[in-house]
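Data first, discussion second: the structure below is written as structure tokens.
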Amino acid sequence: MSDNIKLIDKLKNENTLSGDEWFSLLSSFTDENRLYAAKAAREITDSIYGKDIYIRGIVEFSNICKNDCYYCGLRAGNSNLERYRLTEEEIYECCKEGYEYGFRTFVLQSGEDLHFDTETICRIISRIKNDYPECAITLSIGEKTYEEYKAYKESGADRYLLRHETANKAHYERLHPENMSWDNRIRCLYDLKSLGYQTGCGIMIGSPYQTTECIVDDMLFMADFKPEMIGLGPFLPHSDTPFRDEPKGSYELTLLLISLCRLMLPHALIPATTALGTIKPLGREEGVQAGANVIMPNLSPVAVRKKYMLYDNKICTGDSSGECRGCIEKRMEVIGYNVVISRGDFKA
């Protein structure tokens, strides 16, 4: 038995590895190791969540952002992007349509658009919760103050997604301008946890300047933080960013990290991301087979989807919400999984 297989077995049994063990595994894994980890991760996932796949309907309600992150197509400095902002009524109608298609979690996502102040966000949450009280609301709207997060929670928000991007401060500073702070990003995550949100963090695999040591830092951070949700996707460049010529992140490493995160945090909600499906046609299926149990189809109006381009060539920008729902259901059935009408909460 190889050393890497022994490390995967240790992670499965103990849910933890040391920094040196993480480095050894991540710097020398083979396809055989990856497939072994995927089998172990899928067994764990099935034992907790069965063959159920949870779907979340994403409403990308604004592509306006005050930040200038070097990797993101929505960055404030991208003058080639046609900007848009949905009205409160349009956001509500997206959720109403999604409910009719069987969605019971709505993910309200945007750039950091200052037009949507605390009062506005709380009003949107309250209206959706009032009409669909059995549904969960996830927010993915960036870095806010403790008081803002508290107000959203009191209005009915259940979950919050905020990828930490990297647990290595020096790496973070190479991905973001000087006015953005790694310390503040981490502060936000701990504030969300303290307020009782189901909290999601995560990384881009293969982002510029990322080293194996950076990913080791990420795994150790997530082991300590214990997020309820983990977002893992390959870095994909956007043509209107400073990283336009950087290579894509590794598909195989992304799949491996999905499996290893499942073994480390068995109950986590882990999506098979749109980025995985963009880099390979069967990426989301293989993400599920590696241990993911969430897929997030788009509920945004088709007219604006091509304008919410975090990276180039994003898939599923032309399908209606109903087509997205039906497509995912069929894809999951092919590999033996069932899309369920459920909030799909974290199972403690």
Practice task
In sequence, state the C-alpha distance, the side-chain angles, and the governing distance for H267 and Y49, and then conclude on ring pair (Phe, Tyr, Trp, His ring centres under 6.0 Å).
Solution key: CA-CA 8 Å; H267 294 264; Y49 290 102; 7.1 Å; no
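At least one test fails for R325 against the ring of Y101: distance under 6.0 Å to the centre or angle within 45° of the axis. Stacking of R159 on the aromatic ring of Y197 is not recorded, the 6.0 Å distance cut-off and the 45° axial limit not both being met. Judged by the 6.0 Å and 45° rule, K280 forms a cation-pi pair with Y251. Remark: R34 fails to qualify as a cation-pi partner of F29 under the 6.0 Å distance and 45° angle criteria applied to the six-membered ring.
In the model, D9 has a side-chain atom that pairs as donor or acceptor with a side-chain atom of Y36 under 3.5 Å. A side-chain donor from one of K306 and T317 sits under 3.5 Å from a side-chain acceptor of the other.
Tested against E148, the residues I121, D191, T118 include a single side-chain contact (heavy atoms from CB on, under 4.5 Å) partner, T118.
For the pair L161/V107, a side-chain contact is recorded, criterion being any heavy-atom separation below 4.5 Å from C-beta on.
Taking the charged nitrogens against the carboxylate oxygens, E285 and R331 do have a contact shorter than 4.0 Å, which makes a salt bridge. Of the charged side-chain nitrogens involved, at least one lies within less than 4.0 Å of a carboxylate oxygen, so that K193 and E228 count as a salt-bridged pair.
Between Y99 and Y132, a ring centre-to-centre spacing shorter than 6.0 Å is recorded.
Listed for the R262 side chain is a donor-acceptor partner under 3.5 Å among the backbone atoms of G291.
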